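Keep in mind it's a predicted model, so treat the numbers as computed, not measured.
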Amino acid sequence: MNTILAPVFYPPAQAIDHAQERFGVAPHTDFRVLTLLSQDSSGGLQVRTRSGDWIEAPPIEGTLVCNNGDLLQRWSNDRFLSTVHRVINRTQNARYSISVFFDPASQTMLDPADLGVAQSDCKHAPISVGKHIASRNAKAFAHLKGKGT
Ligand SMILES: O=C(O)CCC(=O)C(=O)O
Ligand SMILES: [Fe+2]
């Protein structure tokens with residue numbers, strides 16, 4: 001099993017952020033199987049519903065947010081959809097969150113047939129966790145290619 005801990009700092013909102021609808025984190029889905037997220041009391045996390053509306057996922061003391069990731073969607077044959085979400089810090093204070101991303105070891109093959117889906121109904125070919133993550137990283141960071149960092 002791989003776990004990644006990602007603390008995120010969101011600076012206090014500036015007037016220009018409001019004017020230009022600047023996100024702290026732009027709309028995305030998480031790449032892996034599951035994410036557990038602890039957010040502070042600032043708010044600002046929003047989730048996109050299936051009908052395309054953005055709804056708040058307000059902080060509730062003593063709870064964690066659980067996001068389905070792309071690997072869970074693929075593995076479950078699209079039964080558990082990965083959640084599109086974004087963050088806009090609208091407060092004058094810094095916002096902090098900590099995400100923990102979970103996925104099986106890189107060489108693990110994920111196949112919807114593992115979860116009882118008939119071979120003929122599988123919408124996704126088996127894929128290794130490592131290959132899936134590498135391809136999602138390549139897409140997400142394509143704009144940095146050749147910048148030599
Ligand atoms: O800060 C948050 O509430 C969410 C962060 C997030 O979506 C992520 O790290 O993938
Ligand atoms: Fe996320």
Side-chain angles (χ1 to χ4, degrees), residues 1-13 17-18 20-91 93-145:
M1 159 115 77
N2 291 322
T3 54
I4 296 178
L5 183 101
V8 186
F9 161 74
Y10 300 84
D17 299 327
H18 293 295
Q20 299 187 357
E21 264 229 321
R22 279 184 179 166
F23 301 111
V25 172
H28 68 285
T29 53
D30 294 346
F31 297 179
R32 297 162 189 274
V33 172
L34 273 181
T35 309
L36 291 181
L37 168 78
S38 173
Q39 52 175 330
D40 70 11
S41 58
S42 307
L45 173 64
Q46 296 180 327
V47 175
R48 200 171 72 198
T49 65
R50 286 195 199 190
S51 51
D53 299 321
W54 288 101
I55 56 170
E56 302 290 325
I60 302 172
E61 207 176 324
T63 69
L64 300 171
V65 174
C66 178
N67 272 326
N68 294 344
D70 296 338
L71 263 177
L72 183 61
Q73 177 166 338
R74 186 178 175 124
W75 197 10
S76 69
N77 211 36
D78 297 343
R79 183 166 176 209
F80 300 116
L81 300 182
S82 58
T83 332
V84 182
H85 53 284
R86 67 183 184 185
V87 180
I88 309 177
N89 179 16
R90 298 189 198 81
T91 71
N93 305 316
R95 177 184 189 273
Y96 297 89
S97 71
I98 302 175
S99 294
V100 184
F101 303 101
F102 295 89
D103 57 336
S106 303
Q107 71 278 11
T108 310
M109 295 300 294
L110 297 188
D111 181 353
D114 296 342
L115 303 180
V117 179
Q119 207 58 257
S120 54
D121 293 335
C122 286
K123 298 178 190 164
H124 305 287
I127 193 169
S128 73
V129 170
K131 195 168 171 192
H132 165 85
I133 300 292
S135 96
R136 291 301 313 268
N137 279 336
K139 279 185 203 148
F141 300 111
H143 59 291
L144 299 178
K145 207 168 172 199

Residues in side-chain contact (heavy atoms from CB on, under 4.5 Å) contact with [X], at least two apart in sequence or another chain:
{"X": "Q107", "result": "A105"}
{"X": "T3", "result": "M1, V100, F102"}
{"X": "I60", "result": "T63"}

Sequence neighbours excluded and cut-off under 3.5 Å, please list the side-chain donor-acceptor pairs for residues 119-128, or say none.
from: H124; atom 1: NE2; to: D78; atom 2: OD1; distance (Å): 2.9
from: H124; atom 1: NE2; to: D78; atom 2: OD2; distance (Å): 3.4
from: S128; atom 1: OG; to: K131; atom 2: N; distance (Å): 3.1

Distance check, rounded to the nearest 0.5 Å: S76 atom OG versus N68 atom CG?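 Answer rounded to 0.5 Å: 7.5 Å.
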Could you tell me the separation between the CD atom of Q46 and the CG atom of D53, rounded to the nearest 0.5 Å?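 Reported value, rounded in 0.5 Å steps: 11.0 Å.
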Under a 4.5 Å cut-off applied to non-hydrogen side-chain atoms, are D111 and M109 in contact?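 D111 vs M109: side chains apart.
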Worked verdict on L110 versus H132 for side chain to side chain contact (heavy atoms under 4.5 Å, CB included): CA-CA 10 Å; L110 297 188; H132 165 85; over 6 Å; no
Which pair of non-hydrogen atoms, one from L115 and one from W75, has the smallest distance, and what is that distance?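 In terms of heavy atoms, the two residues are closest at CD1-O, 3.5 Å.
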Locate the shortest heavy-atom distance separating Y10 from V25; write the atom from each residue and the value.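 For Y10 versus V25, the nearest heavy atoms are OH-CG2, 3.2 Å.
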For R22, which residues count as a salt bridge (Lys or Arg N to Asp or Glu O under 4.0 Å) partner, sequence neighbours excluded?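 Applying salt bridge (Lys or Arg N to Asp or Glu O under 4.0 Å) to R22 gives D17.
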Derivation of the side chain to side chain contact (heavy atoms under 4.5 Å, CB included) call for V84 and W54: CA-CA 9 Å; V84 182; W54 288 101; 3.8 Å; yes
Can you give the donor-acceptor pairs under 3.5 Å from side chains of residues 26-40 to other protein atoms, not counting sequence neighbours?
from: H28; atom 1: ND1; to: A26; atom 2: O; distance (Å): 2.9
from: H28; atom 1: ND1; to: H85; atom 2: O; distance (Å): 3.4
from: H28; atom 1: NE2; to: D30; atom 2: OD1; distance (Å): 3.1
from: H28; atom 1: NE2; to: H85; atom 2: NE2; distance (Å): 3.1
from: T29; atom 1: OG1; to: D70; atom 2: OD1; distance (Å): 2.9
from: T29; atom 1: OG1; to: D70; atom 2: OD2; distance (Å): 3.2
from: D30; atom 1: OD1; to: H85; atom 2: NE2; distance (Å): 3.2
from: D30; atom 1: OD2; to: T35; atom 2: OG1; distance (Å): 2.8
from: R32; atom 1: NH1; to: D103; atom 2: OD2; distance (Å): 3.1
from: Q39; atom 1: OE1; to: R95; atom 2: NH2; distance (Å): 3.0
from: Q39; atom 1: NE2; to: A57; atom 2: O; distance (Å): 3.0
from: D40; atom 1: OD1; to: S42; atom 2: N; distance (Å): 2.9
from: D40; atom 1: OD1; to: S42; atom 2: OG; distance (Å): 2.8
from: D40; atom 1: OD2; to: S42; atom 2: OG; distance (Å): 3.4
from: D40; atom 1: OD2; to: Y96; atom 2: N; distance (Å): 2.8

Can you check whether A94's main-chain N or O pairs, donor with acceptor, with N89's side chain at less than 3.5 Å?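 No, the answer is negative, given that no donor and acceptor are paired below the 3.5 Å cut-off.
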